[in-house]
There are 2 protein chains.
Amino acid sequence: MSRRRVTLADLAEAAGVSRTTASLVMTGRGRELRISHDVEQRVLRAADELGYRPNAVSVGLRTGTTRTIGFVSDTVATSRLAGDMIKGALEAARERGVMLFIGESEGDPELERGLLHAMQDRQVDGIILASMFTRTIKVPKDIGPAVLLNALPRPASGLPSIVPDEIEAGRSAARVLLDAGHHDEVYVIGAGPTLRDVPADSVAAVERLIGIQETGLKIAGGRVCPDWQPEHGLAATRALLAEHRPRALICLNDRVALGAYQALGEAGLSVPGDVSVVSFDDHPIASWIWPKLTTVALPHYELGRKAVEVLFAQMAGEVEPGQVFRVPMPVRHRESVAPRS
Amino acid sequence: MSRRRVTLADLAEAAGVSRTTASLVMTGRGRELRISHDVEQRVLRAADELGYRPNAVSVGLRTGTTRTIGFVSDTVATSRLAGDMIKGALEAARERGVMLFIGESEGDPELERGLLHAMQDRQVDGIILASMFTRTIKVPKDIGPAVLLNALPRPASGLPSIVPDEIEAGRSAARVLLDAGHHDEVYVIGAGPTLRDVPADSVAAVERLIGIQETGLKIAGGRVCPDWQPEHGLAATRALLAEHRPRALICLNDRVALGAYQALGEAGLSVPGDVSVVSFDDHPIASWIWPKLTTVALPHYELGRKAVEVLFAQMAGEVEPGQVFRVPMPVRHRESVAPRS
DNA sequence: TCGCATCGCTAATCCGATTTAGCAAAGGGA
DNA sequence: TCCCTTTGCTAAATCGGATTAGCGATGCGA
């Protein structure tokens, strides 16, 4: 039986002033509207004693701003990836005194509409539309202030986007090998060797390949995987080993790399002694396997954080329409790359 | 420049009735308060044409209920585990037309207080207090309607708890081995052999061991790991293999099992030919490694879902104070167990 | 014809804040 | 002494709905 919340009216009565005065003091507009120092102190003291906290719902109704934002993802919340993205968004939000609604659309436009409505009905100040993997999406109409996270608008929509810098990541991966002296005999697992050999809809595959090529690293060959799962990595690498003897592999993500490790092991090849491996994503398994995998990290946490930052910047009118923010993907140097002997 | 939202007043004007009447119709109380079928239809048609949706903030202020619940975890949102828990909660919430606020306390009581306040200020209807791993927690005062997810109240608090049924999970794991004919030469990695050989604060370790023992399975020995990470599993299994020749291992989670796989491989022992392995959690890696790991799954999704269900049941007064709900942990039969030869 | 119940709808209040407009008292200049 | 500012505070309106109390018209029985 918790006692009723303390309202502004209670506070005003306790301090012996009007609700107006109490409100002015609590919102820091006392000076501006000539409330005496004496009265101000009285109100503040009473607020402290009563433990007064303004009812955010009421404030939301009156002011139209709720200090709340919505985070809608296709199915992001379920994957590990998502966790960190949400965590980043959460912390950036907390720093601004903002709460996060989350919702998952499961890729169903109908569900998505419902979620967006539910959030708009609750007067969210803005919305983050997040995608599980980097891709282009159609932006719903009348969405209000919003940013796209890990996604780009298909027909240009004017909304800002936050995406990982996959091209630079490709360059980084290639440079790791080049720096270790691997200039040839490098194969790609998961896509390639050309830009047309990629899984459907995969922005990441294309951009990573572009980045790799830009460094001048010569790709000796590649194997596409329909999906970047361990078993496909295993099969692709087995097939590759049947015909070639690579000195280095670029795996297009860590799960594929896990499969590659297995295939290399079967073939009696050691990592990194016989074959160096570099990968992408920095999934937790990258540091759970032996040798620990050198990989270019997807900056999930930073992406989430940046999304909130950009959302607020946008609401402050500081963002160009359609501006794209690319978040750097850092290299995690571990144990799967050795100098070319 | 989206046009202003349609309000009840707009709707009333369009339908040529009072706001009261419009409200009554929209809340379904038209019959009860004798609004004629004719007028009712007029209002409904106008609502449809204008696309009227009630402002949830206003409704929240007036009725005191916001169709919103808070999900506060220590650090759950970051781990994979969390994702599914949130997903389960999210879906159960959506079925009830409820939105979810999420927050992470990072285990910091001060932060937790702040989050709970922020949620209470926004008039959440209830709160789910979630923990990353099963443990006992101190429940904050004046929290209002709430349930504990993956946690038990330290001083009894009257709040209901939802936890995985770890004891039954222990039984299940043991039974998997017993059914395959493994009655002896079974070792535990991660804890044991006695109930005092467990990592600090680990409810899961204790209960899993209890369950195992209850089946009558004879535990030949065990190795504690300070933390259930792959490298500790690796070290513990190496140490075990230096002294014993197990025919089966019960790993206390999948990450530990990953380490055990590595150690067994080094020792030239094959899974499941030489050694059967059964584990707990059903982490994604369990099906990424070879042979795929037979494991007793932590039902994250179900836990999240149940939390929302219990929260609503509790608000409806259908839950005993302090009631504990144990969610079954299903066995995922895969390829790491073979009959004892 | 009067009184009373029923029908169908609406005026007014409330939720808990913010914000605008303005009032009473004190001070200052002519 | 009168008028005009300035000071310090408050009454009242507002946000968008839900809810309570009640009003006018009609029907019915006596």
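Since this is a predicted model, take the numbers as computed values, not measurements. Numbers restart at 1 for each chain; the letters A, B, ... are given by sequence-line order, proteins then strands. Reckoned from all heavy atoms, side chains included, excluding hydrogens, waters and symmetry mates.
The number of heavy atoms from other shown groups lying within 6.0 Å of CD (A:E32) is above 12.
Atom CG in B:D38 sits roughly 11 Å away from atom P in C:dG8 (whole-Å rounding). Atoms CG (A:N55) and P (C:dA17) sit 5 Å apart, rounded to a whole Å. One interatomic measurement links the two molecules: CD of B:E40 to P of C:dC9, which rounds to 10 Å at whole-angstrom precision. In this structure, B:R29 places its CZ atom 17 Å from P of C:dG8, rounding to the nearest Å. When rounded to the nearest whole Å, the span between CE of B:M26 and P of C:dT10 equals 16 Å. Atom CZ in A:R34 sits roughly 13 Å away from atom C1' in C:dA24 (whole-Å rounding). For A:L8 and C:dC14, the CG to P distance is 17 Å, given to the nearest whole Å. For the pair B:R122 CZ and C:dA17 P, the interatomic distance rounds to 14 Å; values are reported in whole Å.
Residues A:R305 and A:E309 are paired through a salt bridge, judged by an N-O separation under 4.0 Å between the basic side chain and the carboxylate. Residues B:E40 and B:R34 are not paired through a salt bridge, judged by the lack of any N-O separation under 4.0 Å between the basic side chain and the carboxylate. Taking 4.0 Å as the cut-off between side-chain N and carboxylate O, B:D121 and A:R5 count as a salt-bridged pair. A salt bridge is absent between A:E112 and A:K138; no separation between the charged side-chain nitrogens and carboxylate oxygens falls under 4.0 Å.
Residues B:F101 and A:F101 place their aromatic rings such that the two centres sit under 6.0 Å apart.
Place A:T7 and B:L33 on DNA chain C by their nearest nucleotides, and B:L33 ends up nearer the 5' end. Nearest-nucleotide mapping onto DNA chain C: of B:H37 and B:Q123, the residue sitting toward the 5' end is B:H37.
At a threshold of 4.0 angstrom between heavy atoms, the contacts of A:T21 include nucleobase atoms, whether or not backbone atoms are also involved. Residue A:V39 is classed as a sugar-phosphate contact, given heavy-atom separations below 4.0 Å to backbone atoms only. Residue A:T20 is in base contact, counting any heavy-atom pair closer than 4.0 Å across all strands shown. Using a 4.0 Å heavy-atom criterion, one finds that B:S23 contacts the bases of the nucleic acid, with or without backbone contacts as well. Counting non-hydrogen atoms under 4.0 angstrom, B:V43 reaches nothing in the nucleic acid.
Within the structure, every side-chain polar atom (N or O) of B:R19 is placed at least 4.0 Å from both OP1 and OP2 of C:dT10. Applying the 4.0 Å criterion to OP1 and OP2 of C:dA17, one finds that A:S58 has every side-chain N and O outside that range.
Contacts between chain A and DNA chain D, taken as any atom within less than 4.0 angstrom of a protein heavy atom, begin and end at D:dT7 to D:dG16.
With hydrogens and angles ignored, the 3.5 Å screen pairs a side-chain donor or acceptor of B:D10 with a backbone N or O of B:T7.
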